[in-house]
Every structure is written in structure tokens, then in C-alpha cells.
Protein chains: 10
Amino acid sequence: MLFCTIMTVKIPPDMPADQLKAIREAETTLAQEYQRAGKLRHLWRVAGRTANVSLWECVDADDFHATVSALPLFPYLEIDVIPLARHPSALA
Amino acid sequence: MLFCTIMTVKIPPDMPADQLKAIREAETTLAQEYQRAGKLRHLWRVAGRTANVSLWECVDADDFHATVSALPLFPYLEIDVIPLARHPSALA
Amino acid sequence: MLFCTIMTVKIPPDMPADQLKAIREAETTLAQEYQRAGKLRHLWRVAGRTANVSLWECVDADDFHATVSALPLFPYLEIDVIPLARHPSALA
Amino acid sequence: MLFCTIMTVKIPPDMPADQLKAIREAETTLAQEYQRAGKLRHLWRVAGRTANVSLWECVDADDFHATVSALPLFPYLEIDVIPLARHPSALA
Amino acid sequence: MLFCTIMTVKIPPDMPADQLKAIREAETTLAQEYQRAGKLRHLWRVAGRTANVSLWECVDADDFHATVSALPLFPYLEIDVIPLARHPSALA
Amino acid sequence: MLFCTIMTVKIPPDMPADQLKAIREAETTLAQEYQRAGKLRHLWRVAGRTANVSLWECVDADDFHATVSALPLFPYLEIDVIPLARHPSALA
Amino acid sequence: MLFCTIMTVKIPPDMPADQLKAIREAETTLAQEYQRAGKLRHLWRVAGRTANVSLWECVDADDFHATVSALPLFPYLEIDVIPLARHPSALA
Amino acid sequence: MLFCTIMTVKIPPDMPADQLKAIREAETTLAQEYQRAGKLRHLWRVAGRTANVSLWECVDADDFHATVSALPLFPYLEIDVIPLARHPSALA
Amino acid sequence: MLFCTIMTVKIPPDMPADQLKAIREAETTLAQEYQRAGKLRHLWRVAGRTANVSLWECVDADDFHATVSALPLFPYLEIDVIPLARHPSALA
Amino acid sequence: MLFCTIMTVKIPPDMPADQLKAIREAETTLAQEYQRAGKLRHLWRVAGRTANVSLWECVDADDFHATVSALPLFPYLEIDVIPLARHPSALA
């Protein structure tokens with residue numbers, strides 16, 4: 001099943017720089033692992049903002065929640081979740 | 001350049017059924033033409049709502065506006081537009 | 001998969017009374033059919049408002065969208081959709 | 001009487017990890033006690049977010065408030081409360 | 001049980017004057033009947049707006065919904081519902 | 001003159017427990033004094049939330065502001081203020 | 001007592017031109033009468049919008065509501081009401 | 001003085017096509033006249049929406065309001081107005 | 001030119017009491033200086049809230065911004081700005 | 001391609017004064033460099049608020065994001081992004 005998320009990153013302004021760096025690196029590592037595994041099918045930056053648009057393919061909502069909530073940045077994300085269905089005009 | 005749109009369809013409740021049918025058919029025709037031309041790369045239904053999430057690849061904002069505003073449903077759409085950039089953690 | 005919906009009914013004020021009556025009766029018929037089929041597991045009235053809270057069990061998002069969009073009142077509903085996962089503290 | 005709540009958890013980012021762990025464990029204990037007592041009839045995770053949808057059966061609003069405000073996470077929750085009535089199309 | 005409602009009246013601008021007059025008179029009649037029966041304990045005008053603040057005492061949410069939805073103006077009301085509990089600092 | 005307020009309490013999560021306790025006790029004392037003096041005619045808890053609905057009877061807006069801003073919790077309250085007029089359908 | 005209002009005019013797009021003209025003329029007449037009577041102390045246009053900021057001096061909320069609701073445009077206004085008190089730093 | 005406006009066009013869906021065409025032509029004529037006169041310094045389309053971002057140079061707020069409210073589309077516009085001052089980091 | 005502002009004061013809860021006192025005193029001093037100079041023509045308290053409605057008469061937007069941003073409380077204010085024009089029905 | 005941004009500056013109230021000063025100076029330096037390079041075509045202050053309206057000319061969304069996210073104030077900005085297309089009524 002497909003889920004679209006719009007994630008806005010809200011880092012506390014007093015987070016130490018090295019902690020932030022470690023979180024970001026772990027985030028990149030896991031995000032790329034998810035892409036290689038086919039779970040994170042698309043990942044785009046929202047131009048001009050600390051936010052992204054992501055497209056997830058998961059078995060179901062439990063799998064989706066486990067996947068997203070494992071992200072190191074998860075405690076600092078505001079997330080809009082849009083469950084997706086097939087569109088009747090979509091060719092593929 | 002990539003644009004993500006979230007389009008909510010707001011059909012006036014007193015639109016005649018045949019007019020609505022004609023608009024929907026023309027919409028499908030053009031949406032599929034856009035997909036074949038590579039302009040509309042993804043088209044998903046928002047589950048449970050008369051809305052969609054679309055991903056557009058256009059030359060620039062002028063091309064994007066011309067493309068979207070040509071949709072037969074355009075006068076009846078509420079559209080959120082998100083310009084997309086490459087995400088540093090994206091593999092492809 | 002489970003979906004929670006909060007549906008607010010927005011009937012156009014100039015809808016003829018007999019048309020509204022017919023829609024409501026068809027809505028009740030289908031809502032009860034969905035309940036007997038196990039698709040609509042819960043249906044509650046939001047006290048004091050023309051709205052409801054519903055709990056849907058569907059195969060996936062495509063099934064959910066097909067189910068909800070078949071409701072006779074669907075064109076007149078504002079719908080919030082919340083995809084649900086299992087809660088780690090839930091007993092059942 | 002039935003109440004539906006949508007609770008979003010907002011943990012202060014500087015809460016010590018052991019304090020958070022203790023609160024979460026106490027929360028789980030009480031949530032499960034409420035389920036066994038029949039007060040918390042349903043508890044679902046909002047997929048992709050630190051939030052839940054809950055269904056409470058209480059004697060009245062006083063009982064409901066006492067029940068919810070006793071949750072260890074209560075000071076950190078943003079709560080939408082929806083009082084529920086029987087829906088005329090509900091079978092059970 | 002007590003419910004506080006904030007009701008905003010939204011009359012369609014093309015409603016015939018005599019229909020509006022009939023609805024308002026029936027509304028007043030029922031509102032006063034509810035007051036005499038002790039169901040509508042308080043009714044205030046929001047100063048400067050076509051809105052009111054009301055306080056309802058009902059057996060439960062079913063009774064409350066039946067009471068409010070019987071108002072002739074109900075189809076034209078936007079209603080915020082606040083279920084009330086006893087406040088620990090309240091004297092009476 | 002009557003004012004309805006909806007007050008949501010927002011305590012900073014790092015406020016020391018004894019300071020919070022002292023503020024709450026002083027709040028209760030003053031709220032009860034206001035009730036005895038006839039200034040705070042009603043005080044209800046919003047079920048399920050750290051909020052209240054209050055009804056104030058004051059000489060005028062200056063008196064109302066002086067009364068409310070003297071509350072020990074005032075710096076921690078988000079307050080919606082609704083000035084009330086007599087409703088033409090109110091019996092008393 | 002002083003009230004500040006921010007009024008946005010929402011004329012139905014299908015109102016006949018002569019009806020609109022008659023309402024506007026009656027509105028001007030009454031607004032100027034209110035100014036001469038000292039009830040409407042200030043009336044400003046919100047630059048660039050069909051809206052105004054007004055300052056009313058009335059005996060109390062009942063008087064204020066009677067005054068504002070008598071405006072011919074009242075059924076077509078969205079009104080924010082701000083009850084005003086004396087500011088401790090105000091010289092006059 | 002400079003004003004930035006964000007104007008969203010809301011055409012009633014039942015406006016006759018020739019009336020809409022006439023309004024649009026008159027709108028274009030006046031918008032270009034304003035540009036030649038130096039009053040409308042910039043006019044951009046919001047990509048993907050029936051909206052524009054405009055920059056106005058007017059003598060003062062009265063001149064600005066007279067200029068904008070003379071637009072044939074004015075009754076159908078939702079307008080956000082942002083008064084602009086010189087930015088200390090601006091070179092020109 | 002006239003500007004109306006609605007300013008809501010948001011003091012950080014951990015600001016030391018003497019710092020807050022000094023800021024408030026400096027705020028009062030400057031607010032009264034502005035009133036004597038004719039720049040701040042009206043200053044009212046929003047009843048029941050830590051907010052005010054103010055009316056400013058300035059040469060232009062640059063002068064207005066310099067005036068308002070010099071307020072000692074400026075870093076702690078949420079400000080809505082409404083540029084004002086003459087209303088055609090205003091007598092004075 | 002052109003982007004309009006509305007940026008609101010949210011400085012944490014406990015940021016040391018010298019750190020804020022250093023950030024502001026670096027911000028001014030880069031903003032002026034962007035202006036000289038033709039990337040930041042316009043920069044205006046929103047009158048009365050710690051916000052600005054900016055107009056950016058960039059190669060594409062990647063270039064735009066790299067440009068904006070390099071601003072020293074970027075972590076403290078709330079940014080609305082409006083991608084711009086040519087308006088059919090624009091002369092230049």
C-alpha cells in the first residue's frame with residue numbers, strides 16, 4: 001500500500017551541533033536503506049523549506065508506522081499522512 | 001522541474017449530470033495524454049476523498065501553469081502546489 | 001486495514017426534500033449492508049452535529065476508497081481520513 | 001456514554017530519557033487497566049504520527065474527565081474530544 | 001449532563017422572507033419550551049454576531065443530539081459542542 | 001455585563017512542581033472568592049482537556065479585564081472572550 | 001463601553017444591482033447617523049479589501065448588538081468583535 | 001508607498017461565459033494601463049493556481065484602495081494585503 | 001497614513017521578573033511619548049487578554065515600521081497589521 | 001525561474017545578543033551578495049513585523065533551495081514559497 005507523507009523538520013534550536021550531525025547522518029543512512037529495500041520509493045525536498053515529500057510502499061499501516069517511526073528524526077517531525085489509492089485515470 | 005500538487009475537486013452541486021460526465025471524460029483523456037508525454041509522472045487518488053496527489057515534470061513554472069490550467073476540471077479544483085528540489089539523501 | 005473517518009454532511013440548502021429523503025434512505029441501506037458485511041465496523045453520531053465517526057475495515061486503500069465513494073451522500077461529505085495501525089498498548 | 005478522542009503526544013525535547021521511559025511504562029499500565037475495566041474500549045495508533053484514536057465508555061463527563069486526566073501522559077497531550085451519540089443507521 | 005454549544009446561524013441569502021420568518025418563530029417557540037422544561041438552561045446572544053452561546057442539560061449524548069437536532073434552524077447552524085464536567089474549584 | 005471565556009491552561013513543562021501547586025491553590029482561592037462575590041457566575045471544566053468555560057458578570061470591560069488578569073494562572077492561559085448580550089428568545 | 005469590529009462584506013454574487021445599491025445607500029445613511037449620535041466613533045476602510053475597522057461606543061453589549069444588527073448590510077457581514085478596556089499606558 | 005497583494009480569483013461557477021470574458025478583457029486592459037502608469041510595478045501568476053502576486057506603488061492607502069477596487073475582478077477576489085517598507089539589507 | 005495593529009504579547013515564561021518589569025516600564029514610556037507626538041493616536045486593551053488594539057498615524061510604511069519596531073516589547077509581540085484608508089461613509 | 005518568499009524571522013528568545021548580532025551581519029552580507037549576483041531581485045520589509053517579502057531568480061528549484069538554505073537565518077525562518085509564472089496581462 002502507498003502512503004504520501006509531507007514531513008517538516010523542527011529541530012530544537014538548542015540541540016548541540018554534534019548531536020544534530022549524528023542524527024542527520026543516521027537519518028540519511030536509514031533513508032537510503034529504505035530506498036534500496038523499495039520501501040521509500042520517492043524522496044523529494046520541498047524547495048525553500050526544511051521539509052520533504054516522500055512516497056512509501058508498505059505492506060499495511062502497521063508496517064508503515066514501524067518504518068516511519070524508526071527514523072532518527074521522527075521525534076522532530078511534523079507529519080501529514082495521505083493514504084493513496086489507485087487513480088482511475090492513472091496509466092501505470 | 002518537478003512539482004507536487006494536491007488537488008481537491010469541488011463540483012458545484014447543481015452541475016447537470018451530463019456536463020459533469022463530459023468534463024470528467026475530457027479530464028481523463030488529457031490526464032492520460034500528459035502521462036504518455038511524461039509530463040504527469042504520477043497520479044494517485046487520496047483514499048476516501050475526491051482529491052488526488054500528482055507529480056508533474058515540466059520545463060519551468062510557465063510550462064507547469066499552462067499544463068495544469070488546461071485541465072477541464074481546473075476551474076473546480078483547489079490546488080496546493082509544492083515545488084520540489086532534489087533531496088540530498090535520495091538515491092535516484 | 002482499519003481507517004477512521006470523520007464525515008460532516010453538507011447538504012445544499014436548495015436540495016428538494018424528496019431528493020434528500022431518497023438519498024438518506026439509500027445511504028442507510030448501504031451503511032447497514034456495509035455493517036453486515038463487516039466493512040463498517042462502527043458508526044457513531046457526533047453529538048449535536050450533522051457528522052459521524054466511522055470505523056472501516058477494508059482490504060487496502062483501493063477497497064476503502066471504493067467502499068466510501070459508493071455512499072450516496074459521498075458528494076456532500078467533507079471527510080477526514082485517519083489510517084490506523086495497531087497501538088502497542090492495545091490489548092485486543 | 002461514549003467519547004472519541006484524538007490525542008497527539010507532544011513530549012518536550014529536553015525531557016530526560018529515563019523520565020520519558022517511566023512515563024510511557026506507567027501510561028501503558030494504566031491504558032491496559034482501563035481496557036480491562038471496559039472504560040477504554042478501543043485504542044488505535046494514528047499511522048505515521050505520535051498520536052492515537054481512542055474510544056471511551058464512561059458514566060458521564062465527570063467520569064470521562066477523571067479517567068483521561070489521570071493518564072501519566074495527560075500534561076503532554078493535545079486532545080480533541082468528540083462526544084458520541086447513537087447513529088440512526090447503526091445496527092448495533 | 002451539561003453541554004455548551006456555540007451556534008452560528010448561516011441563513012442562505014436567497015431564502016424567502018416568509019420562510020425565514022416561519023423558521024425563526026418556530027425556533028423561538030421550541031427554544032422557550034426547552035427552557036421551561038429545564039433542558040436549555042442558558043441562552044445568550046454573542047454580541048455583534050448572528051450567533052449564540054447555549055447551555056444544555058440533558059440525560060446523555062443521545063438526548064442532547066435529539067434535542068438540538070430538532071431545532072428548526074438546525075440545518076442552518078454551524079455548531080461547536082463542548083461537553084462539560086464539574087470544575088474542582090466550582091462552588092455550586 | 002456578561003462575558004463568556006474559554007480558557008486553556010498552558011503550563012510550561014519545566015515549571016517546578018511546588019510552584020505549580022502554589023499557583024493552583026491561589027487560583028482556586030481567587031476563583032471561589034469571585035464566585036462568592038457574584039463575579040464568576042459559572043465555572044465548568046471542558047471534559048477531557050485542561051480548559052474551562054466560565055461566565056463572568058462584571059460592571060464593564062475594564063472591570064472584566066481587571067478581574068480576569070488578576071488570576072494567578074493568567075500568564076499561562078489562552079483565552080477566547082465572547083461578550084454576551086440578551087437573546088430575544090431567552091425567558092430569564 | 002467600546003467595541004472594535006472588523007467587518008468583511010460578503011455580497012452574494014447574484015444579488016441584483018439595484019438591490020445592492022439600495023442596501024449600500026441605506027447603510028451609508030445609518031452609518032452616518034450613528035456617527036452623528038456618537039455611537040460609531042471611527043470608521044475606516046481596510047485598504048485593498050471590502051472590509052472595515054470600526055469603533056463603537058455603546059451603553060453595553062445589548063445596545064451594541066442592537067446597533068450593529070440594525071445595519072442593512074448585517075446579513076452579509078462576517079464580523080470579528082473585540083471588546084475593549086482602558087489600556088494602562090493610554091494617556092487619554 | 002509599496003503594497004504587495006496576493007489575489008485569488010473566485011469566479012462564481014454559474015457566471016455566463018460571455019460575462020466572464022468581458023470582465024477578463026476589461027481586467028487586462030486596466031491592469032496594463034496601471035502598469036504603464038507605474039502603479040502596478042509587478043504582476044506574476046502563482047504557478048498552478050488562479051491567483052497572482054502583484055506589487056503596487058501608490059501615493060498612500062487611499063490611492064491604493066481606489067486603484068485596486070476599480071479592478072473589474074475586484075468583487076471576485078480574495079486579497080491578502082502586505083504593506084511594504086524598505087528593508088535595511090536592500091541595495092536598491 | 002493610518003495603520004491599525006492588533007498586538008498580542010508573548011512573554012517567555014522564564015524571563016526574570018526584573019527584566020520584564022524594566023521592559024514594561026520602557027514600553028510605557030515610549031508608548032506615551034508616541035501618544036504625545038501624535039504617532040500613536042489610540043491605544044486600547046483587548047478585554048481579557050494580554051493584547052492591545054492600536055491606531056498609528058505615520059508618514060509612510062517606513063516611518064510606521066521604525067516606530068513599531070522600536071518598542072521594547074517588539075521582539076515579544078505577534079502583530080497583525082491592517083493598513084487603513086478613508087471610508088466613503090466616514091464623516092470625519 | 002522566479003520564486004516569491006514570505007519569510008518570518010523567529011529568533012529563540014534566549015539566543016545570546018552577540019550570536020544574534022553575528023548572524024544578522026552574516027545575513028546582510030549574503031543577502032547583498034545575492035542581490036549583486038542577480039539572484040535576489042527584490043527584498044522588502046513587511047511593515048510592522050519581523051518578516052520580509054523576497055523575489056528570487058534562480059536556475060531551477062535545486063538552485064533556489066541551495067540559495068535560500070544557505071542564509072544564516074534559515075534555521076530560524078518560517079517560509080512560504082510561491083513559485084511564479086508569467087502573467088498573461090504583464091507587459092514586461
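Chain naming here is simple, since letters A, B, ... match the order of the sequence lines and numbering starts at 1 in each.
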key: Top contributor to chain H contacts, counting heavy-atom pairs under 4.5 Å, from J:Ala51, J:Ala85, J:Gly48   =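 Between J:Ala51, J:Ala85, J:Gly48, the count favours J:Ala85.
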request  = Kindly indicate whether the side chain of J:Leu55, heavy atoms from C-beta on, has any atom under 4.5 Å from the side chain of H:Leu55.
outcome  = no
note = Closest heavy-atom pair, J:Val53 versus H:Cys4, reported as atoms and distance to 0.1 Å, is CG1-SG, 4.4 Å
Chain H and chain J: which donor-acceptor pairs fall below 3.5 Å?
| from | atom 1 | to | atom 2 | distance (Å) |
| --- | --- | --- | --- | --- |
| H:Thr28 | OG1 | J:Ser89 | OG | 3.0 |
| H:Gln32 | NE2 | J:Ser89 | O | 3.3 |
| H:Gln35 | OE1 | J:Leu91 | N | 2.8 |
| H:Gln35 | NE2 | J:Ser89 | O | 2.8 |
| H:His42 | NE2 | J:His42 | NE2 | 3.1 |
| H:Arg45 | N | J:Ala85 | O | 3.0 |
| H:Arg45 | O | J:Ala85 | N | 2.8 |
| H:Ala47 | N | J:Pro83 | O | 2.9 |
| H:Pro83 | O | J:Ala47 | N | 2.9 |
| H:Ala85 | N | J:Arg45 | O | 2.8 |
| H:Ala85 | O | J:Arg45 | N | 3.0 |
| H:Ser89 | O | J:Gln32 | NE2 | 3.3 |
| H:Ser89 | O | J:Gln35 | NE2 | 2.8 |
| H:Ser89 | OG | J:Thr28 | OG1 | 3.0 |
| H:Leu91 | N | J:Gln35 | OE1 | 2.8 |

Portion of H:Leu40 that has a non-hydrogen atom of chain J nearer than 4.5 angstrom =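 For H:Leu40, there is no contact with chain J at all, as no heavy atom is under 4.5 Å.
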remark   = Honestly, the part of H:Leu91 sitting under 4.5 Å from a heavy atom of chain J is both
